[in-house]
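I have placed the structure first, in the form of structure tokens, so that the comments after it can refer back to it.
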Amino acid sequence: MTQDEKKRAVAHAAVEYALEHLDADSIVGVGTGSTVNYFIDALADKKQLFEGAVSSSDASTERLKKHGIDVYDLNEVSSFDIYVDGADEITEHMHMIKGGGAALTREKIVAAVAKTFVCIVDDSKVVPVLGKYPLPVEVIPLARSYVAREIVKLGGDPVYREGCITDNGNVILDVHNLTILEPSKLESEINQITGVVTNGIFARRAADVALVADENGVQRLNSN
Ligand code: 5RP
């Protein structure tokens with residue numbers, strides 16, 4: 001199976017999982033990325049079974065609308081059950097690195113409102129320790145160099161993501177050479193740096209369920 005086939009398989013499994021928890025009045029939270037794109041495409045076939053979506057990026061909003069799925073402003077939605085999103089890395093503790101697609105801040109906000117975070121990945125994303133994938137940090141443009149110097153003090157090696165402006169008008173530093181043994185602690189420490197909007201460690205709001213595609217199908221992992 002190619003990685004793409006696994007992404008498609010896990011996206012279809014996520015639609016089945018979501019439909020078990022949704023009804024005609026439900027809003028579904030939708031993440032961002034190539035795995036989520038498969039999820040959106042598969043969800044479109046079932047759009048009569050739920051009310052609409054809240055979205056974590058302009059790209060996902062556009063794709064949802066193209067399929068005729070109504071997209072609601074998160075400010076209009078006080079709570080919803082399921083948020084489905086991919087990840088760049090995930091551990092058995094359901095801690096993740098996200099933000100490869102630069103949508104980390106909106107993803108973290110939508111995830112905060114959702115009752116259940118369903119992470120959909122292929123098995124290449126499952127790691128024992130976070131940090132091999134460079135950690136994305138969204139930064140106010142004026143603060144870029146200052147934040148980079150502060151991250152060096154924390155032991156990271158920040159690289160400016162050239163040509164990338166987030167949906168919020170900010171820039172991304174990708175932090176290399178981190179071995180993230182205490183994800184919640186580092187998530188908080190980086191977020192305390194003035195000028196950081198947020199970073200791509202999702203440990204304080206980890207996933208509740210992970211659907212992982214491998215050669216044998218799709219496995220479901222639950223948080224302890
Ligand atoms: C976007 C993300 C994505 O979920 C993450 O990058 C995984 O993407 P893909 O499904 O394309 O591998 O966090 O900001």
Side-chain angles (χ1 to χ4, degrees), residues 1-15 17-18 28-43 53-64 74 82-91 94-112 114 116-127 130-139 159 161 163-176 178 180 183 187 190-191 196-214 218:
M1 247 182 162
T2 64
Q3 187 182 30
D4 235 40
E5 287 167 338
K6 288 177 185 172
K7 287 183 179 191
R8 199 177 294 120
V10 79
H12 280 266
V15 170
Y17 182 91
V28 58
V30 176
T32 300
S34 56
T35 316
V36 165
N37 284 343
Y38 286 125
F39 173 72
I40 294 171
D41 295 348
L43 193 64
V54 289
S55 165
S56 65
S57 64
D58 292 345
S60 289
T61 298
E62 194 184 320
R63 199 175 188 99
L64 286 158
L74 187 63
I82 302 276
Y83 176 58
V84 177
D85 199 358
D88 301 301
E89 287 185 344
I90 183 167
T91 69
M94 304 282 173
H95 299 146
M96 296 163 283
I97 284 183
K98 293 185 44 53
L104 60 159
T105 299
R106 292 193 190 184
E107 290 171 341
K108 210 173 260 197
I109 295 166
V110 180
T116 303
F117 186 147
V118 181
C119 179
I120 55 172
V121 289
D122 65 82
D123 54 354
S124 70
K125 309 279 188 73
V126 181
V127 297
L130 298 177
K132 197 163 177 198
Y133 191 92
L135 174 66
V137 181
E138 180 165 351
V139 177
V159 175
R161 198 183 294 182
C164 175
I165 301 292
T166 70
D167 287 352
N168 312 309
N170 299 314
V171 297
I172 298 283
L173 296 173
D174 290 306
V175 185
H176 294 247
L178 291 172
I180 304 174
E187 181 178 359
I190 295 176
N191 283 348
V196 168
V197 178
T198 198
N199 73 82
I201 301 175
F202 282 58
R204 301 180 69 80
R205 202 289 176 244
D208 301 293
V209 176
L211 299 176
V212 181
D214 62 22
V218 175

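Just so you know, ligand 1 is whichever comes first in the structure, and atom 1 is the first atom listed for that ligand.
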Among all the protein's non-hydrogen atoms, which is closest to atom 11 (O) of ligand 1, and how far away is it? Ser34 OG, 2.5 Å
Evaluate salt bridge (charged side-chain N to carboxylate O under 4.0 Å, His left out) for Asp58 paired with Arg106, printing each intermediate quantity in order. CA-CA 10 Å; Asp58 292 345; Arg106 292 193 190 184; 3.2 Å; yes
Please work out, at 4.0 Å between heavy atoms, whether the side chain, the backbone, both, or neither of Asp85 comes within that distance of ligand 1. side chain
Identify the closest protein heavy atom to atom 12 (O) of ligand 1: which residue and atom is it, and at what distance? Lys125 NZ, 2.8 Å
Using heavy atoms and a threshold below 4.0 Å, how should the contact between Ala87 and ligand 1 be classified: side chain, backbone, both, or neither? backbone
For atom 3 (C) of ligand 1, closest protein heavy-atom neighbour: Thr32 O, 3.2 Å
Would you mind reporting whether Val127 and Thr91 have side-chain heavy atoms less than 4.5 Å apart? yes
Using the side chain to side chain contact (heavy atoms under 4.5 Å, CB included) definition, which of the options Asn199, Asn168, Asn170 pairs with Thr105? Asn168
Quick one: nearest non-hydrogen protein atom to atom 5 (C) of ligand 1, plus distance? Asp88 OD1, 3.2 Å
Applying a heavy-atom cut-off of 4.0 Å, say which part of Ala102 lies close to ligand 1: side chain, backbone, both or neither. backbone
Between Lys6 and Asp123, does any NZ, NE, NH1 or NH2 come within less than 4.0 Å of an OD or OE carboxylate oxygen? yes
Do the side chains of Arg8 and Asp41 get close enough for a salt bridge, i.e. N-O under 4.0 angstrom? no
In ligand 1, which numbered atoms sit nearer than 4.0 Å to a non-hydrogen atom of Ala103? 14 (O)
Taking Glu138 for the side chain and Leu104 for the main chain, is one N or O donor matched with an acceptor at less than 3.5 Å? no
When you compare the side chain of Val209 with that of Tyr17, does any pair of heavy atoms fall below 4.5 Å? yes
Taking the six-membered ring of Phe202, is NZ or CZ of Lys98 closer than 6.0 Å to its centre and within 45° of its axis? yes
Closer than 4.0 Å to some heavy atom of Gly86 - which atoms of ligand 1 meet that? 4 (O)
Of Lys98, Gln3, Lys108, Glu89, the residue with the heavy atom nearest atom 4 (O) of ligand 1 is Lys98
Report the nearest protein non-hydrogen atom to atom 10 (O) of ligand 1: residue, atom name, distance rounded to 0.1 Å. Thr35 OG1, 2.5 Å
Using a 3.5 Å cut-off on N or O atoms only, is Gly99 in polar contact with ligand 1? yes
Pairs of nitrogen or oxygen atoms closer than 3.5 Å, one from Gly33 and one from ligand 1: do any exist? no
Give a yes-or-no answer on whether the side chains of Thr2 and Asp4 include a donor-acceptor pair shorter than 3.5 Å. no
Option with minimal heavy-atom separation from atom 2 (C) of ligand 1, where the choices are Glu138, Glu107, Met96, Arg106: Glu107
